[in-house]
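Lettering of chains follows the sequences in order, A, B, ..., and the numbering in each one begins at 1. The shown structure was predicted, so the numbers you read here are calculated from the model rather than taken from an experiment.
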There are 2 protein chains.
Amino acid sequence: MRTRRAEYSESTRQALVDSAVDLFTKRGYAGTSLDEVVKRARVTKGALYHHFSGKQALFEAAFARVETKAIESLTAVVTGDGAPWDTAIAGLRAYVRKCLEPEYQRIIVHEAPVVMGWERWREAEEHFSFGLLRTAVQLLVDAGEIEEAPVEIMARLLFGALSAGASTIASSSDPKRTGREVERAILRVLEGLRKK
Amino acid sequence: MRTRRAEYSESTRQALVDSAVDLFTKRGYAGTSLDEVVKRARVTKGALYHHFSGKQALFEAAFARVETKAIESLTAVVTGDGAPWDTAIAGLRAYVRKCLEPEYQRIIVHEAPVVMGWERWREAEEHFSFGLLRTAVQLLVDAGEIEEAPVEIMARLLFGALSAGASTIASSSDPKRTGREVERAILRVLEGLRKK
DNA sequence: CACCGGTACGTACCGGCGGTATGTGAGATA
DNA sequence: TATCTCACATACCGCCGGTACGTACCGGTG
């Protein structure tokens, strides 16, 4: 049953997460105070601590929000029925573009591993971007496109390379050019792994 | 002129950096209080703020300390006079091992980009590990071992992949095995880039 | 040797921030 | 309508980074 109070509650929760995503993106986790977050959401700390156990939990909620949105747009790209290789390439392109959005860049790529701790981050990423990337790699192996290799490891390396590439693009003085270069470099790496 | 006071001063500064490296490694930047740092160094905050402008500056000193030590051991590996390709491989192996040391892993790989900010981190790394890696890649290109490519970009991607690989090893339940797998995977990527 | 200047700290304190304990009023329940 | 409950608001605490100021000791000078 959908009561009135429940709707209000959900609404303020959303407002808190919205505010958190905004401020964490602009000022980072350490640079954002909870007073700012609740002020922007037009509530008080009482509301925040009613919905979340603390600052960390609020960050994880923001993390989940951003990642969920990202997964949606990425799966849309990947669920075409083209050749596995071409689909994978399209997915990589889409992911690099995602990494250039400030929200994703700051919260997911840069801060999450430190704020959540590497272990917790790794665990959470299983259900989000990294999980998607790993299944993509698995598909390529199954399709015989790239040589047999420990999928987990290869996916980790690729994930790291992609993040570094995206950061490079983002802080470049000529993002367009750097973007093309990064894409070409990644494609070259993949071609090097491809079976003849 | 080497005065007595200068020696004392240098000594307390070293003690502060030692303490900082220790605590930042164990508890991270945010989890370490300056009171703990000065207590372990057996001084007070007055001494700390005499030598460093603040917590950030102290972190950068710790960063420089750890990186300097790393560079020393890495250049020792690289300055053999073997074939460029073999030297590069040896360097990569040595770097992965470095990343498994807790100090390097926590302070340099995980926290530095967030604490210092990506731009500042990138700038600092020019004189340390990344600088070394990039010149190594440049040497391989010059020697005709790998195909022409924007060296900066390739080095960035490699750097990201190596960091991810090292983190994977460190948090693995079977580090020995994972270590071998990561090394093999990296070698395969490099072989894919090698000229025929 | 007396004096003095400056450096290398120590001490006391402030403001801000994360977190907590407790009050309260609107909406659900009977 | 009376009561209960939950979704907040309010007030407060302890810690921590940073600052202002005091001080003792070393090193040079007459």
From [atom1] of [X] over to [atom2] of [N], roughly how many Å is that when rounded to an integer?
{"X": "A/E10", "N": "D/dA7", "atom1": "CD", "atom2": "C1'", "result": "13 Å"}
{"X": "A/L48", "N": "D/dA7", "atom1": "CG", "atom2": "P", "result": "15 Å"}
{"X": "A/R13", "N": "D/dC6", "atom1": "CZ", "atom2": "P", "result": "17 Å"}
{"X": "B/E7", "N": "D/dG27", "atom1": "CD", "atom2": "P", "result": "9 Å"}
{"X": "A/R42", "N": "D/dC8", "atom1": "CZ", "atom2": "P", "result": "13 Å"}
{"X": "A/L34", "N": "D/dC12", "atom1": "CG", "atom2": "P", "result": "20 Å"}
{"X": "A/F59", "N": "C/dG19", "atom1": "CZ", "atom2": "P", "result": "14 Å"}
{"X": "B/L16", "N": "C/dA8", "atom1": "CG", "atom2": "C1'", "result": "12 Å"}

Worksheet item: Closer to the 5' end of DNA chain D via nearest nucleotide, is it B/A30 or B/R4?
Response: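 In this pair, the answer is B/A30.
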Worksheet item: When the nearest nucleotide of DNA chain D is assigned to B/G54 and to A/R5 on a heavy-atom basis, which residue is associated with the more 5' position?
Response: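 Mapping each residue to its closest nucleotide by heavy atoms, the 5'-most match is A/R5.
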Discussion item. Given D/dG18, C/dC17, C/dC9, identify the nucleotide with an atom nearest to the side chain of A/S33.
Written reply: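 It is C/dC17.
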Worksheet item: From D/dA7, C/dG18, D/dG27, pick the nucleotide closest to the side chain of A/H50?
Response: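 Among the listed nucleotides, the one closest to the side chain of A/H50 is D/dA7.
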Practice prompt. Classify the side chain of B/K45 and the base of D/dG17 as holding, or not holding, a donor-acceptor pair under 3.5 Å.
Written response: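 Check passes, donor-acceptor contact within cut-off.
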Worksheet item: For the base of D/dG18, is there a side-chain donor-acceptor partner from B/K55 under 3.5 Å away?
Response: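 Looking at the base of D/dG18, it does not pair with any donor or acceptor on the side chain of B/K55 (distance under 3.5 Å).
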Discussion item. Can you tell me if B/E148 has over 12 outside heavy atoms packed within less than 6.0 Å of its CD?
Written reply: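 No, not enclosed.
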Discussion item. Around atom CZ of A/R194, are there more than 12 heavy atoms from other residues, nucleotides or ligands closer than 6.0 Å?
Written reply: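 Yes.
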Discussion item. Ring of A/F130, cation from A/R156 - is the NZ or CZ under 6.0 Å from the centre and inside 45° of the axis?
Written reply: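 Yes - A/R156 lies over the ring of A/F130, closer than 6.0 Å to its centre and within 45° of its axis.
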Item to complete: Scan A/S53 against the nucleic acid and name what it touches under 4.0 Å (heavy atoms): base, sugar-phosphate only, or nothing.
Response: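 Contact class for A/S53: none.
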Worksheet item: Looking for any heavy atom pair under 4.0 Å, which part of the strands does A/T32 touch: base, sugar-phosphate only, or nothing?
Response: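 Here A/T32 touches the backbone only, sparing every base.
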Discussion item. Could you check whether any side-chain heavy atom of A/E67 comes within less than 4.5 Å of a side-chain heavy atom of A/H127, counting everything from C-beta outward?
Written reply: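 A/E67 vs A/H127: side chains apart.
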Discussion item. Looking at C/dC9, I'd like to know if its phosphate oxygens (OP1 or OP2) sit under 4.0 Å from a side-chain N or O belonging to B/S9.
Written reply: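 Yes, because at least one side-chain N or O of B/S9 sits under 4.0 Å from OP1 or OP2 of C/dC9.
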Worksheet item: Does a nitrogen or oxygen in the side chain of A/T44 sit under 4.0 Å from OP1 or OP2 of D/dC8?
Response: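 Looking at the OP1 and OP2 atoms of D/dC8, neither is under 4.0 Å from any side-chain N or O of A/T44.
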Worksheet entry | Most 5' of A/G46 and A/D35 on DNA chain C, judged by nearest nucleotide |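 Here A/D35 is the residue nearer the 5' end.
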Discussion item. Given 3.5 Å as the limit, does a donor-acceptor pair link the side chain of B/S172 with the main chain of B/T168, or not?
Written reply: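 No, because the side chain of B/S172 does not come within donor-acceptor range (under 3.5 Å) of the backbone of B/T168.
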